[in-house]
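Here is the structure we will look at, set down as structure tokens.
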Amino acid sequence: MKKLLILMSIIFVLAACSNSRLDPKPSYGNQLTEFTAADEDGGTFSEKEMKGKVWIADFIFTNCETVCPPMTFNMTKVVDELEKEGVKDYGIISFSVDPKRDTPAKLKKYSKQYGAKTDNWKLVTGYDEKFIRQFGEENFKTIAVPPTAGNDQATHGTSFYLIDQNGTIIKDYIGKDTGDQKFPKGEIVEDVKTLIKEGPYKK
């Protein structure tokens, strides 16, 4: 009986010492590199403005004819749920992969089409094509290839990415339904709430 109590105590201590803080996937865990962009209002936005909040990021462009509409619609559902639950200290950031054509005004119009809450949802542009391509590859391990001559459609990943309060990229999620996989709105919302409650990832 005494041994059982000791064993139960050890288990309890281990459980108490372990934290449910989200650990980055092996492919992530690095901090977001520096960037300077223009937001949908024409103001300057950088990674410095992201500190202290939990963010969900994705890559889109306003002239997209395929994956961006369902991705952006799904992102609005995440925002709606977070707002419904009264969650604070979070943000959404959508990086344009067509910076030559996606002006702040176009991004603003695009966001309004989906009812995006722009007080906590930043849509950014204003960098060059080489930058966004390297930025996507280095930070998110994803392709972000702007349109080429003769093709007005960019090529980019469809994932959403979770970023903690220190700018550490934690994990990714599918941004739209794919085959038998459903968009994990509930998981994203719970992960955002967990990071806000427990604080940023610590190595």
Side-chain angles (χ1 to χ4, degrees), residues 28 30-51 53-80 82 90-163 167-176 178 183 188 192:
Y28 301 122
N30 293 324
Q31 285 194 318
L32 201 64
T33 56
E34 294 181 1
F35 70 90
T36 301
D39 66 19
E40 74 286 348
D41 293 316
T44 300
F45 190 83
S46 73
E47 83 290 345
K48 295 181 179 67
E49 280 72 56
M50 297 176 68
K51 292 295 180 67
K53 287 186 177 182
V54 174
W55 292 80
I56 299 294
D58 70 350
F59 293 83
I60 54 92
F61 64 109
T62 62
N63 195 44
C64 182
E65 298 174 353
T66 53
V67 297
C68 301
M71 287 173 61
T72 305
F73 176 77
N74 286 338
M75 193 70 89
T76 65
K77 294 305 176 185
V78 172
V79 172
D80 288 345
L82 290 168
Y90 81 92
I92 309 295
I93 184 165
S94 295
F95 293 92
S96 170
V97 293
D98 189 5
K100 279 189 176 180
R101 290 186 296 181
D102 278 347
T103 62
K106 281 189 175 181
L107 290 174
K108 184 82 167 182
K109 181 179 180 181
Y110 179 84
S111 70
K112 287 184 175 180
Q113 291 174 348
Y114 291 90
K117 295 178 173 62
T118 53
D119 57 339
N120 62 1
W121 190 337
K122 293 295 177 181
L123 295 92
V124 297
T125 185
Y127 32 72
D128 61 32
E129 294 179 334
K130 180 181 179 181
F131 165 80
I132 193 60
R133 188 168 188 163
Q134 293 180 341
F135 186 79
E137 291 175 354
E138 292 174 2
N139 289 274
F140 301 98
K141 319 304 179 190
T142 189
I143 54 173
V145 182
T148 56
N151 180 12
D152 66 355
Q153 295 296 292
T155 302
H156 62 92
T158 60
S159 296
F160 290 176
Y161 303 89
L162 180 67
I163 305 170
T168 303
I169 303 165
I170 302 294
K171 63 186 290 190
D172 57 21
Y173 316 86
I174 58 169
K176 65 183 189 68
T178 55
F183 173 66
I188 296 173
V192 170

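The basis for the numbers below is simple: all heavy atoms, side chains too, and nothing from hydrogens, waters or symmetry mates.
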For [X] versus [Y], what's the shortest heavy-atom pair and its separation?
X: Ser94; Y: Asp58; value: OG-OD1, 2.6 Å
X: Ile60; Y: Leu123; value: CD1-CD2, 4.5 Å
X: Ile132; Y: Ala144; value: O-CB, 3.6 Å
X: Asp128; Y: Pro99; value: C-CG, 4.1 Å
X: Asp39; Y: Lys122; value: OD2-NZ, 3.2 Å
X: Gly42; Y: Pro104; value: N-CB, 3.8 Å

- request: Using side chain to side chain contact (heavy atoms under 4.5 Å, CB included) as the criterion, list what pairs up with Gln31, not counting sequence neighbours.
  value: Asn166, Thr168

query: Aromatic rings Tyr161 and Tyr28: how do their planes relate, parallel, tilted or perpendicular, breaks at 30° and 60°?
result: perpendicular

- request: Quick one: sort the Phe135 and Phe95 rings into parallel, tilted or perpendicular, breaks at 30° and 60°.
  value: tilted

Distance check, rounded to the nearest 0.5 Å: [X] atom [atom1] versus [Y] atom [atom2]?
X: Phe131; Y: Thr36; atom1: CZ; atom2: OG1; value: 8.0 Å
X: Met75; Y: Tyr114; atom1: CE; atom2: OH; value: 12.5 Å
X: Asp98; Y: His156; atom1: CG; atom2: NE2; value: 10.0 Å
X: Leu32; Y: Glu138; atom1: CG; atom2: CD; value: 11.0 Å

- request: Assess whether side chain to side chain contact (heavy atoms under 4.5 Å, CB included) is satisfied between Phe59 and Ile143, documenting all intermediate values.
  value: CA-CA 9 Å; Phe59 293 83; Ile143 54 173; over 6 Å; no

Side chain to side chain, [X] and [Y], heavy atoms closer than 4.5 Å:
X: Phe140; Y: Asp172; value: no
X: Leu162; Y: Ile56; value: yes
X: Met50; Y: Phe45; value: yes
X: Phe160; Y: Ile92; value: no

- request: Would you check, one step at a time, whether the test side chain to side chain contact (heavy atoms under 4.5 Å, CB included) holds for Gln153 with Phe61?
  value: CA-CA 9 Å; Gln153 295 296 292; Phe61 64 109; 3.5 Å; yes

With no hydrogens and no angle check, is any side-chain donor or acceptor of [X] less than 3.5 Å from a backbone partner on [Y]?
X: Glu49; Y: Ser46; answer: yes
X: Asp41; Y: Gly43; answer: no
X: Asn139; Y: Thr33; answer: yes
X: Glu47; Y: Glu34; answer: no

query: Does any donor atom in the side chain of Tyr110 or Thr72 lie under 3.5 Å from an acceptor atom in the other side chain?
result: yes

- prompt: Should we count CZ of Arg133 as having more than 12 external heavy atoms under 6.0 Å?
  reply: no

- prompt: For Phe73, does the CZ atom sit with more than 12 other heavy atoms under 6.0 Å from it, leaving out its own atoms?
  reply: no

Throw together a table of side-chain donor-acceptor distances under 3.5 angstrom for residues 62-70, partners on residues two or more places apart or in other chains.
from	atom 1	to	atom 2	distance (Å)
Thr62	OG1	Asp102	OD1	2.4
Asn63	ND2	Asp152	OD2	3.3

